Every structure is written in structure tokens, then in C-alpha cells.
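Notes follow the structure.
Worth knowing before you read on, the calculation uses all heavy atoms, side chains too, and leaves out hydrogens, waters and symmetry mates. Source: prediction; values computed, not measured.
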Amino acid sequence: MSLRHSGGALLAALMLSACAGGVIPPSASGPAPSRPNSGSDGATRPVPATPRPTLPPKLPTVSPSDLPTDQANAAGLGVTPGPDIASLIPSGERARAALQAFRISCPTLMKRTDQSGLTRGSDWNSACSAASSWPEATAAEFFSRYFEAVQVSDGAAFVTGYYEPEIAGSRTRQPGYQVPIYRRPAELIDVNLGLFSDSLKGRTIRGKVQGSNFVPFDERSQIVEGSLAGRGLELAWAADPVEFFFLQVQGSGRLTLPDGAVMRIGYDGQNGRDYTGIGKLMKDRGLIQAGSMQDIMQYLRAHPAEGAAIMNENKSFVFFRELTGAGPIGALGVPVTAEATVAADPKYIPLGAPVLLSLDRAEPNGIWIAQDTGGAIKGANRFDSFWGAGARARGIAGGMSARGSALILLPIGSAARLARP
């Protein structure tokens, strides 16, 4: 979630927000592990690349703020037909992983109402039918046969990264494990304001009932200081408050238990308070340079009292539940896939649609599937790439900040409806 989302390693995430999703690890035919090319701080050094130029918009670029609220989506902004994609989709592991991710997205994709205005559920029938039995060895051919490219608005992409953190934790409180990881409290209530006024349609707030009033829920500092303690809401206990803070930013993660077992936890709501990215806050105060996630963590640990106060300036607090099964679930309702899932804004990208990225950093170039969303992932051509779990994923995601061009792949024939009069 994310959230997430230019500076280097997860600084973008902490400056903005993060994604609340999860992971299907790469299978034998998924992206192959590679040795991280890491700097001294643990962040992976970028591999530079030359992005493909964006296309001149067929129609004048429109700002979402200039559109009526119900038209502030991709169809309202306008789309430009893209090039033939047959030569643009690299074959190999990412295409295979993307086919796997697209395949598991199909049942939801064909039923989902597309907020972007780009597709209808029935548009996906042929591609989804073919995907169910398409050989993964020729995955690139599948995408070039069943899809055509469009560019939304100016096509200028900005891509960050997120991952599934793995931190030390315990199911019970014991020496060395003193940071509570809370379940969602029953009194935390979501209110759909659109039920009360048409002018508030699409807006929600979150809080709790206090007497006869609906009031904001406790902020981070109150929760950290014990406002929820002693109520049996502790799902588990973390060893390190800084690592746990970053896990909250990511929205899901793994706890390595004292006996070596792994407990997976996933997003189960947030306290309704606004998110404040501490990376930007720290940079503005001159506490760090345009550094990485590791830079931020180093400062927080070197200045524990000040660091705790800085973390509390982000009033948002995330609650968790234990996850079992295939893995954490993304916004599309299916497990997200390492090195094949991107988070996107569903107003501009149909969730479940393939996305072709060409950026100034080589690692994320290629085809991805939009399966997740994030609090900072807003607007056309804004993406957050998911890298899985482990040191390699942390190193790449933490330093991901790439710009270039994006093409959205739509089922052949669906783009013809999109010409703006």
C-alpha cells in the first residue's frame, strides 16, 4: 500500500505513502533471483537505461482538475493509440510472471466495474479465455496477440517500489519483543459520507463513537503510548520499533519468530489519520540528504528519542491480521506477484490490466500487471512496483525511483471507443 511511494530507497515511500498488498513469490518460471548490486547502505545501485519517448498526445492534455468529478479518469483525460507492441515486450521471466499474474486476475477483472472508463468487463473475455491455457514459454506472444497499447494523457511515468518486509517478531511478549502489533479495534468505524449527502459521494471518514459524538480515532502517539494496551488486541510483538514502522508503511510483511517459523501479517485497516511522510519532513529539516531507506533508519536509530518523536509526527497507524494461504492480497482481491505486480490508480488504469514500462532504470522495464493500489499512487502513469520479500527485494524496492514512459495494454478493439469527441 501503498502506499508508497524522488529520492532513493523508500525515501519516496516515506515522503508519500505505501501499498497495502502482498506477494506470490516468483515460481520456477517467474523472475530468476540475481545477485544484488548493493551499495554500502544496502540499497541496490540503479542500472541505468534509456526510456522510450512518450507519444505526442493525440488530443491536448487535460488536467484532472479541469474535468468534472465524474469524468476525472483516463477516458476523460483522453488516450493516444500506441505503437505495435510485438517488438516491445521482452520475452523471458518477467513476461512469464506477468502472464501468471494476469491469469489469476481474470475472474475478478471480467466482473469488475472499470473506474478508468477504458474497458468493459466483456472486453477481457477473449484474452482471459486464452490465458487459461497459454504456454508460459511464449508469454510475450500472448500479450502481443491479444492486446493493443494506448497512452493515457502524456504518458510520463513515475515508478517507485515496495516490498514485503521481514522483521523479528514473536507471538507473545517476551524480553527483546516489546513493540505491540495490534489487530483492528472493533470500535474503529468507517463512514460512507455519500450516504448523507450527494455532494460527499465517494468520500469516507474513519473514527469512533464517543458518547453521542463521532470523533477521530487515536493517533499514532496515543497508540504507541498505550491507549490500546491491555485489551487483548495484540496480534504479535515486534523487536524493533523502527523496523515495525517501515512494515506499517509497506502495509504487510513477515515476522520471523524466535523458533525460526514465519508469521505473515497483512493490512487490516488504518486509524483514519492523515499520513505524513517522514522522509520529506526529515529532508526539509536538514536531518538527511536525498538518502535511502537505510539513511532514514540510521538516523532514527542514532537519535532514538528524536526518532520516536519524528515517527509520531506521522499520525497514521496501521492495524494487522494474520494471513494464511497463498499470500497477502492486493486491491484487486488476488495475491500480488513478486516482480510482476504494480500498484496503480484505478481511475486511470484498469485493475488487472497489463502495463508496459520503459524507464531510466533497467530493473523495472518490461510488462507488469496492475493488481494493487496505494495511498500515494495517484494520477495517470504513477506506479509502484512490487519486488517480493528478502534482501534483494528490499534493496531494489528501497531505492526505486524511475521515470520514463508507460503504455497501458487493452484488449484489442476496446480502444476504438475511447476517441474523445
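Using cut-offs of 30° and 60° on the angle between ring planes, the pair Tyr162 and Phe386 is tilted.
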- Would Glu225 and Arg220 satisfy salt bridge (charged side-chain N to carboxylate O under 4.0 Å, His left out), going step by step from the backbone distance to the final call? CA-CA 8 Å; Glu225 290 165 10; Arg220 174 180 292 275; over 6 Å; no

- Mind running salt bridge (charged side-chain N to carboxylate O under 4.0 Å, His left out) on Glu339 and Arg392 for me, showing each step along the way? CA-CA 11 Å; Glu339 301 193 42; Arg392 177 176 182 273; 2.5 Å; yes

- Passes side-chain contact (heavy atoms from CB on, under 4.5 Å), Ile278 versus Ile296? Steps please. CA-CA 9 Å; Ile278 66 168; Ile296 299 170; 4.2 Å; yes

- Would Ser414 and Arg120 count as a side-chain contact (heavy atoms from CB on, under 4.5 Å) if you check the C-alpha gap in whole Å, the side-chain angles of each, and the deciding distance to 0.1 Å? CA-CA 8 Å; Ser414 58; Arg120 301 168 182 166; over 6 Å; no

- Message: Using side-chain contact (heavy atoms from CB on, under 4.5 Å), reason through Leu351 and Thr373 one step at a time and then give a plain yes or no.
- Response: CA-CA 9 Å; Leu351 285 187; Thr373 60; 4.1 Å; yes

- Go through the steps to decide whether Phe244 and Ile167 satisfy the test side-chain contact (heavy atoms from CB on, under 4.5 Å), and finish with yes or no. CA-CA 7 Å; Phe244 178 56; Ile167 69 173; 4.3 Å; yes

- Query: Hey, mind stepping through Thr160 and Asp384 against side chain to side chain donor-acceptor pair (under 3.5 Å) and telling me if it holds?
  - Reply: CA-CA 5 Å; Thr160 48; Asp384 207 18; 2.6 Å; yes

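Put simply, the side chain of Val179 does not reach to within 4.5 Å of the side chain of Glu243, judged on heavy atoms. Leu287 is not listed as a side-chain neighbour of His303, based on a closest heavy-atom distance of 4.5 Å or more. Proximity of Phe317 to Phe217: side-chain heavy atoms (C-beta onward) are nowhere separated by under 4.5 Å. Proximity of Arg382 to Lys378: side-chain heavy atoms (C-beta onward) are nowhere separated by under 4.5 Å. Between Asn312 and Val224, some side-chain heavy-atom pair lies under the 4.5 Å cut-off. Residues Ile181 and Leu255 meet the side-chain proximity criterion, which asks for heavy atoms closer than 4.5 Å. Between Glu148 and Leu407, every side-chain heavy-atom pair lies at or beyond the 4.5 Å cut-off. A heavy-atom distance below 4.5 Å is found between the side chains of Leu300 and Met311.
In summary, the side chains of Ser385 and Trp368 do not present any donor paired with an acceptor at a separation below 3.5 Å, with no hydrogens or angles considered. For the residue pair Gln222 / Ser227, no side-chain donor-acceptor distance below 3.5 Å is found, with atom types taken as modelled. Side-chain atoms of Asn73 and Ser116 form no donor-acceptor pair, as typed in the model, at a separation below 3.5 Å. Side-chain contact of Gln100 with Thr337: a donor-acceptor pair under 3.5 Å is absent, judged by distance alone. Defined by atom type and a distance below 3.5 Å, a donor-acceptor pair is missing between the side-chain atoms of Ser252 and Arg264. A side-chain donor from one of Asp114 and Thr119 sits under 3.5 Å from a side-chain acceptor of the other.
The aromatic ring centres of Tyr182 and Phe319 sit 6.0 Å or more apart. Checked against the 6.0 Å centroid criterion, the rings of Trp134 and Phe142 qualify as a close aromatic pair.
The closest donor-acceptor contact from the side chain of Asp360 to the backbone of Ala402 lies at 3.5 Å or more, if one exists at all. Under a 3.5 Å cut-off, the side chain of Gln270 and the backbone N or O of Val318 do not form any donor-acceptor pair. With hydrogens and angles disregarded, a donor-acceptor distance shorter than 3.5 Å links the side chain of Gln371 to the backbone of Ala101. Checking side-chain atoms of Ser405 against main-chain N and O of Thr54 turns up no donor-acceptor pair under 3.5 Å.
The pair Arg231-Glu187 counts as a salt bridge, with a side-chain nitrogen and a carboxylate oxygen less than 4.0 angstrom apart. For the pair Glu306 and Arg285, the salt-bridge criterion is not met [side-chain N within less than 4.0 Å of a carboxylate O]. Salt bridge absent: Arg273 and Asp218 never bring a charged side-chain N and a carboxylate O closer than 4.0 Å. In summary, Asp268 and Arg184 do not engage in a salt bridge, as defined by a charged side-chain N under 4.0 Å from a carboxylate O.
Between Leu109 atom CG and Cys128 atom SG the span is 5.0 Å, to the nearest 0.5 Å. Expressed to the nearest 0.5 Å, how far NZ of Lys283 lies from CG of Asp295 amounts to 11.5 Å. The CG atom of Asp123 sits 12.0 Å away from atom CD1 of Ile412, with the distance rounded to the nearest 0.5 Å. Residue Leu359 holds its CG atom at 5.0 Å from CG of Asn365, rounded to the nearest 0.5 Å. Atoms CZ and CG, on Arg254 and Leu247 in that order, are 11.5 Å from each other to the nearest 0.5 Å. Considering CD of Glu313 and CE of Met282, their distance stands at 10.5 Å, rounded to 0.5 Å.
A cation-pi contact, defined as under 6.0 Å to the ring centre and within 45° of the axis, links Arg403 to Phe158.
Of the candidates Ile408, Val152, Leu410, Val79 forms a side-chain contact (heavy atoms from CB on, under 4.5 Å) with just one, namely Val152. Tested against Leu409 for a side-chain contact (heavy atoms from CB on, under 4.5 Å), the candidates Val150, Val355, Ile89 yield a single pass: Ile89.
The two residues Ala95 and Pro90 make their nearest non-hydrogen contact at CB-O, 3.5 Å.
The number of heavy-atom neighbours closer than 6.0 Å to CD of Glu322, taken from other residues, nucleotides and ligands shown, is above 12. More than 12 heavy atoms of other shown residues, nucleotides or ligands fall within 6.0 angstrom of atom CG in Asp190.
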